[in-house]
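These notes are about the structure you will find just below.
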Amino acid sequence: MAPEKSGKGGADPFKKIYAVVKRIPEGRVATYGQVASLAGLPGRARLAGTALRETPEGLDLPWQRVINAGGKVSPRGGMSVAEGYQRHLLEEEGVVFSASGRVDLERFGWNPDARPPRRRGS
DNA sequence: AAGTTGACTATTT
DNA sequence: AAAATAGCCAACT
């Protein structure tokens, strides 16, 4: 059975993170720690950031839906308009930022376990 | 191979 | 509320 070379796990951690980010529904946001956890990499929140740092093209990756645990857009350190751009994209999707530029994770935080109430809404 | 860096997080000031 | 500090872990040099 053609075992993989050196019996390694195979999938790269970056790829797992991309897969999870792709699953974030529109109008919802997730934290790096949450994404890492769902990717099977608990405690590797920084890895999620490192992976998104490149934002590979062609994957239709909604990187803008990933923010830090503080509910704020992560500063890149250097100069990057991407921060303002990210906020703009989220607002377009329906995410509301508070006066301090913070998002209410209680309301817009993605809950992968939550099921859309069907049958008689509300 | 070893040291530095960093789209993080929690705690403290 | 914002800034500084410490801890963590993998990628990058």
Side-chain angles (χ1 to χ4, degrees):
Chain A
M1 4 215 267
E4 290 89 58
K5 313 169 155 259
S6 311
K8 206 123 157 261
D12 293 286
F14 277 51
K15 213 164 181 188
K16 291 184 179 176
I17 293 167
Y18 296 145
V20 174
V21 173
K22 230 172 178 173
R23 289 169 56 184
I24 303 175
E26 193 177 294
R28 236 52 173 281
V29 292
T31 67
Y32 295 97
Q34 171 128 34
V35 170
S37 225
L38 289 168
L41 306 166
R44 282 114 191 125
R46 280 191 158 179
L47 258 293
T50 304
L52 291 181
R53 181 185 178 199
E54 283 289 298
T55 55
E57 303 166 19
L59 289 182
D60 188 41
L61 190 67
W63 57 271
Q64 68 251 39
R65 290 177 193 146
V66 184
I67 59 178
N68 64 35
K72 288 192 287 194
V73 179
S74 292
R76 254 82 129 174
M79 49 182 186
S80 277
V81 288
E83 293 151 61
Y85 180 49
Q86 180 172 2
R87 171 170 172 172
H88 175 72
L89 287 172
L90 289 174
E91 287 192 298
E92 287 284 283
E93 297 195 356
V95 178
V96 181
F97 284 74
S98 52
S100 308
R102 219 160 32 210
V103 178
D104 185 354
L105 294 176
E106 298 281 305
R107 217 167 183 31
F108 297 100
W110 174 41
N111 195 340
D113 206 51
R115 250 150 259 317
R118 123 186 45 13
R119 247 177 293 224
R120 275 183 297 280
S122 343

Taking C-beta and beyond as the side chain, do [X] and [Y] meet within less than 4.5 Å on heavy atoms?
X: Glu83(A); Y: Pro75(A); result: yes
X: Phe14(A); Y: Pro56(A); result: no
X: Val96(A); Y: Asp104(A); result: no

Rounded to whole angstroms, how far apart are [atom1] on [X] and [atom2] on [N]?
X: Lys15(A); N: dA10(C); atom1: NZ; atom2: P; answer: 20 Å
X: Ile17(A); N: dC9(C); atom1: CD1; atom2: C1'; answer: 12 Å
X: Asp12(A); N: dA10(C); atom1: CG; atom2: P; answer: 14 Å
X: Ile24(A); N: dA7(B); atom1: CD1; atom2: C1'; answer: 13 Å

Only counting residues at least two apart or in another chain, list the ones meeting side-chain contact (heavy atoms from CB on, under 4.5 Å) with Phe97(A).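 Listed in chain order: Val73(A), Arg87(A), Leu90(A), Glu91(A), Val95(A), Val103(A).
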Kindly say whether [Y] contributes a backbone atom to a donor-acceptor pair with the side chain of [X] at under 3.5 angstrom?
X: Lys22(A); Y: Leu59(A); result: yes
X: Tyr18(A); Y: Ala51(A); result: yes
X: Gln86(A); Y: Val66(A); result: yes

Would you mind checking if Glu93(A) and Arg28(A) are paired as a salt bridge, meaning a charged N to carboxylate O distance below 4.0 Å?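 Not counted as a salt bridge, because no side-chain N and carboxylate O are separated by less than 4.0 Å.
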Nearest to the side chain of [X], which nucleotide is it out of [options]?
X: Trp63(A); options: dA2(C), dA7(B), dT9(B); result: dA7(B)
X: Tyr32(A); options: dA11(C), dA2(C), dT9(B); result: dT9(B)
X: Lys72(A); options: dC9(C), dA2(C), dA11(C); result: dA2(C)
X: Phe14(A); options: dA10(C), dT9(B), dA11(C); result: dA11(C)

For nucleotides 10-13 of chain B, which of its nitrogen or oxygen atoms have a protein nitrogen or oxygen under 3.5 Å away, and what is each distance?
none

Using a cut-off of less than 4.0 Å, is there contact between a side-chain N or O of Arg76(A) and OP1 or OP2 of dA7(B)?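 Checking Arg76(A) against dA7(B): no side-chain N or O falls below 4.0 Å of OP1 or OP2.
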Would a hydrophobic clustering, with Ile, Leu, Val, Met, Phe, Trp and Tyr connected at side-chain separations under 4.5 Å, put Leu52(A) with Leu105(A)?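 No, Leu52(A) and Leu105(A) fall in different hydrophobic clusters.
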Quick tally for nucleotides 1-6 of chain B: nucleotides whose base has a protein heavy atom under 4.0 Å get B, sugar-phosphate-only ones S, the rest -, giving -----B
